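The model shown is predicted, which means the values in this text are computed figures rather than measured ones. Chain identifiers are assigned alphabetically (A, B, ...) following the order of the sequence lines, protein sequences preceding nucleic acid strands; residue numbering begins at 1 within each chain.
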Amino acid sequence: DAGVTQSPTHLIKTRGQQVTLRCSPKSGHDTVSWYQQALGQGPQFIFQYYEEEERQRGNFPDRFSGHQFPNYSSELNVNALLLGDSALYLCASSLGWTRSTDTQYFGPGTRLTVL
Amino acid sequence: SQQGEEDPQALSIQEGENATMNCSYKTSINNLQWYRQNSGRGLVHLILIRSNEREKHSGRLRVTLDTSKKSSSLLITASRAADTASYFCATIGGAQKLVFGQGTRLTINP
């Protein structure tokens, strides 16, 4: 049973470019959440997708957008990259976005470097 | 913004000793979870404690929760070199939006 997978592992972009990160949830999970983790900090919630709709959003600008596909996989898109977007981007999957007692399972992350 | 703070920010102990990390949070919660992260990689879920629970055990891990003080602690007994990692507490106030602390960097010296 595959866990949460993310691609790519590492990515280097320059300021102003756009990037797309991908996530496949754990088998049986229908909810995908995205987090940004700056170096030395705890992860911060970006947004969450369930049934192909954004259900919750953290304090991130509209440059951050996402999508969820019918097979529950998800993409995170970041436009007009800034140096401050350099971070580890983590995807987490779970079952049922309103079930607050369930565990979220995290992928290995995508390390994004913006030059 | 972060929900709360972990204390200490860094902890270095000898193998075999016990490690205790503390977490404080600001708002009411449904549950609190502890995660481990090795070398900037993905987070591994360790344990979940519900708001109506006071203590929970899992192997060498013991978690306590004091909702009146809005604090939790994670105790790792008989530490091993493989326990070297960063440890984060995370709270959920409502639907599945985890709010993490800054983390404690734990180093186990052989």
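- For a residue to count as touching a neighbouring chain, one of its non-hydrogen atoms must lie under 4.5 Å from one of that chain's; by this rule A:Tyr35 touches chain B with the side chain only.
- The two atoms that bring B:Gly42 and A:Leu90 nearest to each other are CA-CD2, 4.0 Å, heavy atoms only.
- When the side chains of ILVMFWY residues are joined at heavy-atom separations under 4.5 Å, either directly or via intervening members, A:Val114 and A:Ile46 end up in a single hydrophobic cluster.
- Under a cut-off of 6.0 angstrom, the local environment of CG in A:Leu83 is crowded, with over 12 non-hydrogen atoms contributed by other residues, nucleotides or ligands.
- Counting non-hydrogen atoms of neighbouring residues, nucleotides and ligands closer than 6.0 angstrom, the CZ atom of A:Arg57 exceeds 12 such neighbours.
- Using a distance-only test at 3.5 Å, with no hydrogens or angles considered, no donor-acceptor pair links the side chain of B:Tyr35 to the main chain of A:Phe106.
- Across all their heavy atoms, A:Gln48 and B:Lys97 have their closest contact at NE2-N, 4.4 Å.
- Within 6.0 Å of atom CZ in A:Arg63, more than 12 heavy atoms from other residues, nucleotides or ligands are found, so the atom counts as buried in its surroundings.
- Within 6.0 Å of the OH atom in A:Tyr72, the count of heavy atoms belonging to other residues, nucleotides or ligands does not exceed 12.
- In this model, a donor atom of one side chain and an acceptor atom of the other lie less than 3.5 Å apart for B:Gln37 and A:Gln37.
- Counting heavy atoms from C-beta outward, B:Leu43 and A:Pro43 have side chains that approach closer than 4.5 Å.
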